[in-house]
Amino acid sequence: MASPDTTTALESAAEMVSVRYPWRIRVRRWLRSPRPYRAALGIGVFFLAWYLLIDAFKVWRFGELPGLVNSTQEWLSADPIFGVSLFTAEYYRHIWTSFARVFAAFFAAITLGVPIGILMGWRRIFFGLTFPILEILRPIPILAWIPLAILLLPGREIPIIGLTFLAAFFVTILNTLLGVRSIDQVYFRAAQSLGFSQSHILWHVIIPGALPYIFVGFQIGMGACWFSLVAAEILSGSAGLGYKVWETYYYVQFPTMVITMATLGLCGYLSSGLVRIVGNRLMRWRAKLLAGV
Amino acid sequence: MEHKASIQPVEGGEVKLRNVTKQFGEDVAQTTVIQDCTFEVERGKFTVVIGPSGCGKTTLINVIAGYETPTSGEVVLDGATVSGPGPDRLVVFQETALFPWMTTLNNVMYGPVVQRDSQAADIEKKAHELIELVGLSEFSHKYPIQLSGGMQRRAELARALINNPRVLLMDEPFRGLDAMTRQLMQEYLLRLFEGSGRTILFVTSEIDEAILLADKLLVLSRAPTHVKATITVDLPRPRNLEMLTSRRYAELKSEALSILYQEAVSAFAAGSNAAADLVEAFEQRQSVQGKTDK
């Protein structure tokens, strides 16, 4: 009875790790498995529900919302009613602005967060100094930081990036710390016996050993970045996808609002995917099935 | 199995423990794991330590390796007191301690590379020789996760041997392997080291494994542990698994088991659940033997 679930878990695990297979083979395998068809069915049901609730029957409050047909037409139109579609420069300007902010914040968060996390996991004194204050600051919701960010940071752009940074920063620190703690003591002992210096231990035991957790942190952090970006853009932006969602609501341009929301979803999915691909490349040693090595 | 390379003897390797005591914790939470333990690991010999489970065998290895400092007493290697871990006493750990993020070759090369004691090209050549010696040539560019349990142990042996350790400390190295692989690894270890003049301290909780490998068998007491008895295993070398059926083997086994049984009984009386299994198994064995004798 458990076998279908197990198979799926194994398949997805294999998919996660089998980075060395040529992409052609992977695509062919993927198409032969039931996974793409299940995914398509799930997405199809979602869109059908949208169509039935809004376009077809205007069920209760759903009647107020933009329909599937309407929104799709707007998105694909060369001359959109509200000025934003696949064929307008404004659409890409918002996407680019948000992407630039997310990536600036994300890279700042990981450049600062990983070293801090490693130090916390590696040095007891540093852990003792930093962990309590981190645990007090971490639960403060990003929304609560907004006024402080505006007061403290100059201009419009920097507070937005600062807020986006904060979300990923805490996640990165915590996962890196967890990663260092998760390394089996036996590797440190082996390294000591073999004559590793402290810098060897750092580069050849701690960093590779913590990498799996660090990348989990990166993926969660990337999600957190998009989440807080939208909050920050809604409150103090002049461009970007989060700003656009709020603006279109304000000006009653509901199809564009839905288009922007869908775009946010896709952007978040793509950037997390990017992190995952980089992670798999760096952690080939976790792959059981490396073909052609 | 024929090998091109073989293991060269090394200088030294004599380990002496003098009244080593190891305690953990303080005040009320203090426990003594090793109590006044004195023994000698002879140079060029295969010394096997066996003891009831939970008696402190791993702590003993950790003290000799230098990961733990003895509370009192000292560990002396070739006349010098041990003060920390070093490549002259390498440990082959329970399960495996190969770095999972390095290939077999890099794992084997890493000790000499970080110690910078010779040219990179020489190190790589030596590493390839040793990898061939342990029969892993085809796997030198694989990661540990791609190797079987037995292969991992052999890779780990190569990683230790490249450093020419004076003593090889093996802490239940075959634990976790299935019975078949375990026997093959025991035979393999015999072939590799018999006549090599290397000093090995091997810790195990398996009596057959212990007698098959040992020149000298040290039977530990229950915790706080010390050497309860020393048995000289005078089975001829080269050894093989057939010897497990010889009369002399049976005598040695009975001798060791009866000491272990006594220890288990007193450990059980002192409240150890782990000891109960051995007590029960031993009593069953006695009763079965009694029946066959009649």
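Because the structure is predicted, anything quoted here is derived from the model rather than measured. Quick note on labels: first sequence line is chain A, next is B, and so on, each numbered from 1.
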Measure from the ring center of B:Tyr110 to the ring center of A:His204 and say whether it is less than 6.0 Å. yes
Is it the case that more than 12 heavy atoms not belonging to [X] sit under 6.0 Å from its [atom1] atom?
| X | atom1 | answer |
| --- | --- | --- |
| B:Gln30 | CD | yes |
| A:Tyr269 | OH | no |
| A:Ile125 | CD1 | no |
| A:Phe215 | CZ | yes |
| A:Phe227 | CZ | no |

Residues in residues 189-198 of chain A near chain B [non-hydrogen atoms, under 4.5 Å]: A:Arg189, A:Ala190, A:Ala191, A:Gln192, A:Ser193, A:Leu194, A:Gly195, A:Phe196
For the residue pair B:Phe99 and A:Val205, what are the closest heavy atoms and their distance? CE2-CG2, 3.9 Å
Can you tell me which of B:Val91, B:Asp88, B:Leu90 forms the most heavy-atom pairs within a distance under 4.5 Å of chain A? B:Leu90
Most contacts with chain A, counted as non-hydrogen pairs under 4.5 angstrom, among B:Ala97, B:Gly111, B:Pro100: B:Pro100
Nearest 0.5 Å, what's the CG-OH distance between B:Leu98 and A:Tyr187? 8.0 Å
Approximate separation, where rounding is to 0.5 Å, of A:Met283 CE and B:Tyr143 OH: 12.0 Å
Using heavy-atom distances under 4.5 Å, tell me whether B:Arg89 contacts chain A through its side chain, its backbone, both, or neither. backbone
Which atoms of B:Thr96 come close to chain A, meaning under 4.5 Å heavy atom to heavy atom: side chain ones, backbone ones, both, or neither? backbone
